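Here is the structure we will look at, set down as structure tokens.
Just so you know, these numbers come straight off a predicted model, no measurement behind them. These values consider heavy atoms only, across backbone and side chains, with no hydrogens, waters or symmetry-generated copies.
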Amino acid sequence: LCSGIQDDLDVKVMMAGSTLRKVKSRSWKKQRHFRLLEDGMTIWYKSRWAGKGHSTFSVTEVEAVREGHQSEVLLSIAEEFSADLCFTLVFHGRQGNLDLVAESPEEAQAWIQGVRKLIHRAQTMDEKERLDQWVWDWFQKADKNKDGKMNFKEVRKLLKMMNVEMNEEHTALPFSFQMADKSQSGSLEIEQFVHFYKILTQRDEVWKVFQDYSGDGEKLMLEELENFLRVEQQEGEQSAQHAQELIDSYEPSESGAMSLDGFQMYLCSQQGSIFKPEHRDLYQDMSQPLSHYFISSSHNTYLLENQLRGQSSLEAYIQALKRGCRCVEVDCWDGSDGEPVVYHGHTLTSKIVFKDVISTIKEYAFKASDFPVILSLENHCSVEQQTIMAEHLSQILGDMLLTTLLDGQVPQQLPSPQELKGKILLKAKKIGGFEDCLDETMTDEVSDEEDIANGDAESPTVENPPAECMNENDKVGACSTFSLCSVHERLICSSNDFAFYLPLLQISKSKLSRQLSDLVVYCKSVHFHGFDHARLHAKCYEMSSFSESKAKRLAKEAGTEFVQYNTRQLCRIYPSGLRTDSSNYNPQDMWNVGCQIVALNFQTAGLEMDLNDGLFRQNHCCGYVLKHDFMRDGNTQPLRLSIQVISGQQLPKVNQKEGSIVDPLVRVEIYGVPQDQAKEETSHINNNGFNPVWNETLNFIIHTPELALVRFVVEDYDKASRNDFIGQFTLPFTCIQAGYRHIHLLSKDGTAIPPASIFVNVSITELT
């Protein structure tokens, strides 16, 4: 821990330790002893749970600290503990919050401010400091007696913990140990161990690239670095200026040239990553109609788990919005006390209050992005409670809620994200349209047919349907028994003592509150009557929802028409109601035909969310990605993608058993139009997650680069069972930087796992 932060008074309180109450519910409040360890990064706490002596987590896992009653759990105990005692640690990804109560306001503030300072310090570390910290952390874990030293045997054991398999006979190990043990004491202190680690992990593959361009083998002069950037990194005329900038940024010495250390620091930095730095910023035209953008969208946003028994939570909205989600779903039902509630109807999911959801959306809507949020309302409420919903929306959101046309004219095309900055749009049914004269004689009845025909209706309840009940079109298959429940007006399907319900496929009418209807402007929900009808009669502000299977069928049968339809108006795709485990469909199939609002279960990690995160990682993660011109004019240029997978660095262990070392392989997966779908992988390397070297080249032809996503996956090979996931990184093909690049891996949850990376050489060429 550097002296500057170690002398901080708040950090000193944390290192001395405090007794804090860990709170999980109104009835679960346990005192635990918390303290910051000497590395200044690890928070340790005593735990009596399941026989474990203690638990730890790193400050790097913490995204933010909230003060006071800023979580559902702490709000529930507000009468028992005042706000100045309470705080919440919010973790990256999908990990749950840690709600804590201090014994005094001063102690609470010390932890709040201390953790914030440590987060800031971790975020502002350069690559060298991060690596030193990573090695330091491992040393602390292995130094069991805390004497600050390790002998040769302990060092070997530590290297095994760090995913390095080295026998005593391994010549580099004793030689490197002796070089680092300058005092000849037979043991290494922390600084000596860091030196030893660097000797052991000198990267020959980087040194070889360096040697190819260095005249004297010691440094890269400005012209030599410029030559490397032009030839290998495929930079054009800008290479001269960029070479000087890189020396100024990454070279630790004052020599005016680039040493091997500086060169490696550049290659490991964000500038040296596979993702084009300029595409991380807001680089796209944001002044086109909404229908010209892909929009990051969530399904059943209120759920933290599955849609049968999962918990509904305000935290789920916070997590989605912080990830850049721009379309959230709110399922509204009549509350028993007159206040509408949000939950997955006819299931065992818990309920949250509608007005609390709207307050949460107001607070977090524009923290990650300034561009508009679409609030997709699934309305199951009575007219009376619909009116209450309208009042809450108007009163809580105020000017944020768009309730009138921007220019007062009937729109011929949708407004742009730029014009709608800072606005929340309501997607729901509406009485009539802007072309109608809305007088008191107009009926307030609207057809429910879009809910049933498009699948916005209730999902099957209670349990998963059997396999024989599922087919491509979400319809009930060969079940043994059908019967009619006249009370609930539902079809009962049973098979082998199993039963679930489906809504009757009928058209009914429901009453709509005029106050709620009036809040709908550019996102009026309507039934889809076919592409011909839409071309002749549809308005740009009308939008339809499609189940994944219906959208897939339309894409297959009328793909070109679907693409054209999606240039004029918005459409929303949502997962099949039979996905009771809240699993996801592949969003790529929907993006291929220009569908904008492709709603996924954000709470469920996996390939599908990796693709979603990959697409929306560009353009400042603002939740809007402009469709390429090719989707309007059809012109595209096929390209050849060649990826030399060179090496891996510090891959995490997936199995923490003693003596377990990973056998890593790298697979590159292409997602895009059907013609481009492809996978190629390297061979596996035995017992080396520390610095495996492959030097294998994988080749692909990308026919439609504008729609392609490239996913790099690292797995632990297992010949007897399924490979274990180690890490992944997904990005749009159009965001790839050619040349020698590092790919910084992410966990299954989508969070960073530094310093884990793979080193590649990427070539992109036109087909000859």
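Remark: side-chain polar atoms of W111 are not paired, donor with acceptor, to backbone N or O of M14 under 3.5 angstrom. Distance alone, capped at 3.5 Å, is enough to place a donor-acceptor pair between the S259 side chain and the G262 backbone. Without hydrogens or angle criteria, N619 side chain to Y624 main chain gives a donor-acceptor distance under 3.5 Å. The closest donor-acceptor contact from the side chain of S269 to the backbone of Y266 lies under 3.5 Å. In this structure, S369 contributes its side chain and C622 its backbone to a donor-acceptor pair below 3.5 Å. Counting only distance, with no hydrogens or angles, the side chain of T124 and the backbone of R121 share a donor-acceptor pair below 3.5 Å. With Q264 contributing its side chain and D261 its backbone, the two residues share no donor-acceptor pair below 3.5 Å. Judged by distance alone, the side chain of K322 and the main-chain N or O of H92 form no donor-acceptor pair under 3.5 Å. Between the T730 side chain and the L611 main chain, no donor and acceptor come within less than 3.5 Å of each other. Q737 contributes a side-chain N or O that, together with a main-chain N or O of S273, makes up a donor-acceptor pair within less than 3.5 Å.
For the pairing with N723, the side-chain contact (heavy atoms from CB on, under 4.5 Å) check across L665, V714, V713, D716 returns one residue only, L665. Remark: of the listed residues Y250, F210, Y740, F210 is the sole one forming a ring pair (Phe, Tyr, Trp, His ring centres under 6.0 Å) with F263. Results of the salt bridge (Lys or Arg N to Asp or Glu O under 4.0 Å) test with R711 over E608, E680, E681, E669 single out E669 as the only residue that passes.
In this structure, I764 CD1 and I643 CD1 are separated by 8.5 Å, a value rounded to the nearest 0.5 Å. One distance of note links CD1 of I736 with CD1 of I702; it measures 8.0 Å at 0.5 Å rounding. Going from atom CG of L36 over to atom CG of D10 covers 11.5 Å, rounded to the nearest 0.5 Å. For the atom pair CG of L225 and CD of Q233, the computed distance is 9.5 Å after rounding to the nearest 0.5 Å. Interatomic distance, NZ of K276 versus CG of D281, reported as 13.5 Å (0.5 Å rounding). In this structure, the separation between CG on L89 and CD1 on I119 is 7.5 Å, given to the nearest 0.5 Å.
Side-chain contact annotation: N761 with S763, donor-acceptor N/O pair under 3.5 Å absent. Between the side chains of S683 and E696, at least one donor-acceptor pair of N or O atoms lies under 3.5 Å. In the model, Q244 has a side-chain atom that pairs as donor or acceptor with a side-chain atom of D248 under 3.5 Å. Side-chain N/O atoms of H242 and E226 include no donor and acceptor closer than 3.5 Å. E706 and T636 share a donor-acceptor pair across their side chains, judged by distance under 3.5 Å alone. In the model, D676 has a side-chain atom that pairs as donor or acceptor with a side-chain atom of H703 under 3.5 Å.
Applying the side-chain hydrogen bond (donor to acceptor under 3.5 Å, both in side chains) rule to E245 yields the partners Q241; only residues at least two apart in sequence or on another chain are considered. Annotation: side chain to side chain contact (heavy atoms under 4.5 Å, CB included) contacts of Q288 (sequence neighbours excluded): D285, H292, Y293, L626, R632.
What you find for F725 and S747 is that their closest heavy atoms are CE2-C, 3.8 Å. In terms of heavy atoms, P652 sits closest to A756 at CD-CB, 3.8 Å. Shortest non-hydrogen contact noted between S296 and N612 is OG-ND2, 3.8 Å. Shown here for F371 and P417, the closest heavy-atom pair between the two residues is CD2-O, 3.4 Å. In plain terms, the two heavy atoms of W591 and L707 that are nearest each other are O-CD2, 3.9 Å. Here the closest non-hydrogen pair linking Y364 and R66 is OH-NE, 3.5 Å.
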From CA spacing to verdict: side chain to side chain contact (heavy atoms under 4.5 Å, CB included), T697, S642: CA-CA 7 Å; T697 301; S642 179; 3.4 Å; yes
Stepwise side chain to side chain contact (heavy atoms under 4.5 Å, CB included) check, V62 with V90: CA-CA 6 Å; V62 183; V90 181; 5.9 Å; no
S253/E251 under side chain to side chain donor-acceptor pair (under 3.5 Å): CA gap, chis, key distance, verdict: CA-CA 6 Å; S253 71; E251 175 51 41; 2.6 Å; yes
Side chain to side chain contact (heavy atoms under 4.5 Å, CB included) between L745 and L651, intermediate numbers included: CA-CA 9 Å; L745 297 175; L651 304 177; 3.7 Å; yes
CA sep, side-chain torsions, deciding dist, call: Q649, S647, side chain to side chain donor-acceptor pair (under 3.5 Å): CA-CA 7 Å; Q649 294 76 43; S647 62; 2.8 Å; yes
Verdict with reasoning, D212 to F228, per side chain to side chain contact (heavy atoms under 4.5 Å, CB included): CA-CA 9 Å; D212 285 344; F228 166 77; over 6 Å; no
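Put simply, the side chain of F57 does not reach to within 4.5 Å of the side chain of W44, judged on heavy atoms. For the pair I670/L641, a side-chain contact is recorded, criterion being any heavy-atom separation below 4.5 Å from C-beta on. L639 places a side-chain heavy atom less than 4.5 Å from the side chain of Q637. Looking at heavy atoms from C-beta onward, M258 lies in side-chain contact with L246 at the 4.5 angstrom threshold. When side chains are defined from C-beta on, L222 counts as touching I247, because their heavy atoms get closer than 4.5 Å. By the 4.5 Å heavy-atom criterion applied to side chains, V668 and V710 are counted as neighbours. For the pair Q618/V625, a side-chain contact is recorded, criterion being any heavy-atom separation below 4.5 Å from C-beta on. Residues C325 and F602 form a side-chain contact, since some pair of their non-hydrogen atoms from C-beta on lies under 4.5 Å apart.
Proximity of the aromatic rings of F729 and F712 is defined here by a centroid distance below 6.0 angstrom, and this criterion is not met. Note: F616 and F294 fail the aromatic proximity criterion, with ring centroids not under 6.0 Å apart.
Atom CD of E278 has more than 12 heavy atoms from other residues, nucleotides or ligands within 6.0 Å. Taking a 6.0 Å sphere around NE2 of H684, one finds it holds more than 12 heavy atoms contributed by other residues, nucleotides or ligands. Under a cut-off of 6.0 angstrom, the local environment of CG in L9 is sparse, with at most 12 non-hydrogen atoms contributed by other residues, nucleotides or ligands.
A cation-pi arrangement is present between R280 and F275, with the terminal nitrogen or guanidinium carbon under 6.0 Å from the aromatic centre and inside a 45° cone about the axis.
Ring planes of F759 and H742: parallel class, angle under 30° (limits at 30 and 60°).
Between E205 and R203 a salt bridge is recorded (basic side-chain N to carboxylate O distance below 4.0 Å). Taking 4.0 Å as the cut-off between side-chain N and carboxylate O, E715 and R667 count as a salt-bridged pair.
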